[in-house]
2 protein chains.
Amino acid sequence: MSASVQKHDVFQAIADPTRRDILRLLAEKELSILEITGHFPMSRTAIAKHLHILSEAELVSGRKIGREKRFRLQPESLDELKQWLSYFEQFWNNKLSMLKHIVENQNETDLKVIKTDPDKL
Amino acid sequence: MSASVQKHDVFQAIADPTRRDILRLLAEKELSILEITGHFPMSRTAIAKHLHILSEAELVSGRKIGREKRFRLQPESLDELKQWLSYFEQFWNNKLSMLKHIVENQNETDLKVIKTDPDKL
DNA sequence: TCGATATGAAACCAAATGGTTTTGTTTTTC
DNA sequence: GAAAAACAAAACCATTTGGTTTCATATCGA
């Protein structure tokens, strides 16, 4: 029963376009919930929920100032995303690695064709 | 009625951990649906659905070879993710930009406190 | 002190998500 | 030509998601 409310991770957090837009806004400056809501065609409660999810992913942090709660960007968590991305970069940014990858795959394909359908040659 | 089946984008595609694992697998080599399924505790149909979503996001491409369909990584689409990330990098990787950002936000905060609660000083 | 402001929290809802099982089609293989 | 293999497509289902409305609480300003 407990521990069932699985925290959101960075990948889920940025999956929603509204949340990505919120991050853009907060990159500019710290903003209250109402100020953020002003930029979107939805209710304050909806925005508050998005902020909660972004908080869980530690992409934003909020602090109470008087009666309002102001949020700011906490970009460090985006590093997890960058790390994940970096693994795949060898397959497209680095031309040599990419070429190597393609050639290796092509060889496998050829072997497969030879094995399963020799008439095609 | 038509055009309602909204295509998945890269952000949604990588939100699911199973799909991220599939991408890792396909980075190694081209694989058929059944070969991929062998790595996961779920049915072939479930994997096929994940592959369909990854295809929509153009992160993988599939081609029929005989009776099997083999998928390979198509990493170019990850560039959209990289572009998105790059906007935020100024706020944490570049120490100078980050410091500038923090200082600017801190100034705003101070002004706010002065304006709304002068007694606190 | 009292009304307005800013938020928190809960109940509710439709649609999307991530899985299943079932049925059908194409391609191999013997 | 028939059985098996690999997949596609569809129906179904529980849970999550992304929104709403409603109500409660804390703080500010006159």
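Residue numbering restarts at 1 for every chain, and letters A, B, ... go by the order of the sequence lines.
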Which donor-acceptor pairs under 3.5 Å do the side chains of residues 14-23 of chain A make with protein atoms, sequence neighbours left out?
from: A/Asp16; atom 1: OD2; to: A/Thr18; atom 2: N; distance (Å): 2.9
from: A/Asp16; atom 1: OD2; to: A/Arg19; atom 2: N; distance (Å): 3.2
from: A/Arg19; atom 1: NE; to: A/Ala13; atom 2: O; distance (Å): 2.7
from: A/Arg19; atom 1: NH1; to: A/His50; atom 2: ND1; distance (Å): 3.1
from: A/Arg19; atom 1: NH2; to: A/Gln12; atom 2: O; distance (Å): 3.2
from: A/Arg20; atom 1: NH1; to: A/Ile14; atom 2: O; distance (Å): 2.7
from: A/Arg20; atom 1: NH1; to: A/Ala15; atom 2: O; distance (Å): 3.2

Separation of atom CG in B/Asp9 from atom P in C/dT17, rounded to whole Å: 10 Å
Residue list, side-chain contact (heavy atoms from CB on, under 4.5 Å) with A/Leu85, at least two apart or on another chain: A/Trp92, B/Leu78, B/Leu81, B/Lys82, B/Leu85
Spacing between B/Asp16 atom CG and D/dT15 atom P, to the nearest angstrom: 18 Å
Interatomic distance, A/Lys29 atom NZ to A/Leu25 atom CG [nearest 0.5 angstrom]: 10.5 Å
Give me, pair by pair, the N or O atoms of the protein and of nucleotides 20-26 of chain D that are less than 3.5 Å apart, along with how far apart they are.
from: D/dT20; atom 1: OP1; to: A/Ser43; atom 2: N; distance (Å): 3.4
from: D/dT20; atom 1: OP2; to: A/Ser43; atom 2: N; distance (Å): 2.9
from: D/dT20; atom 1: OP2; to: A/Ser43; atom 2: OG; distance (Å): 2.5
from: D/dT20; atom 1: O4; to: A/Lys49; atom 2: NZ; distance (Å): 3.4
from: D/dT21; atom 1: O4; to: A/Thr45; atom 2: OG1; distance (Å): 3.4

Separation of C/dA6 P from A/Ile47 CD1 (nearest whole Å): 16 Å
Sub-4.5 Å side-chain heavy-atom contact between B/Ser32 and B/Phe71: no
Residue pairs, two or more places apart or on separate chains, that pass ring-ring contact (aromatic ring centres under 6.0 Å, His included) and touch residues 11-32 of chain A: A/Phe11-A/Trp84
Side-chain N or O of A/Gln12 closer than 4.0 Å to phosphate OP1/OP2 of D/dT16: no
Given D/dC7, C/dT7, D/dG18, the nucleotide with the shortest approach to the side chain of A/Ser32: C/dT7
N or O in side chain of B/His50 less than 4.0 angstrom from C/dT17 OP1/OP2: no
Listed once per pair and sorted, the salt bridge (Lys or Arg N to Asp or Glu O under 4.0 Å) pairs that draw on residues 33-42 of chain B, sequence neighbours left out: B/Glu35-B/Arg70
Canonical and wobble pairing (Watson-Crick, G-U, under 3.5 Å) of DNA chain C, dot-bracket with |: ||||||||||||||||||||||||||||||
Between P of C/dG18 and CG of B/Asp21, the distance in whole Å: 14 Å
Whole-Å distance separating the CD1 atom of B/Ile22 from the C1' atom of C/dG19: 13 Å
For B/Thr45, side-chain contact (heavy atoms from CB on, under 4.5 Å) partners two or more places apart: B/Ser43
Length of the line joining B/Leu51:CG and C/dT17:P, which is rounded to integer Å: 17 Å
Between C/dG18 (P) and B/His52 (NE2): distance, integer Å: 14 Å
Value in whole Å for how far the C1' atom of D/dA4 lies from CG of B/Leu34: 13 Å
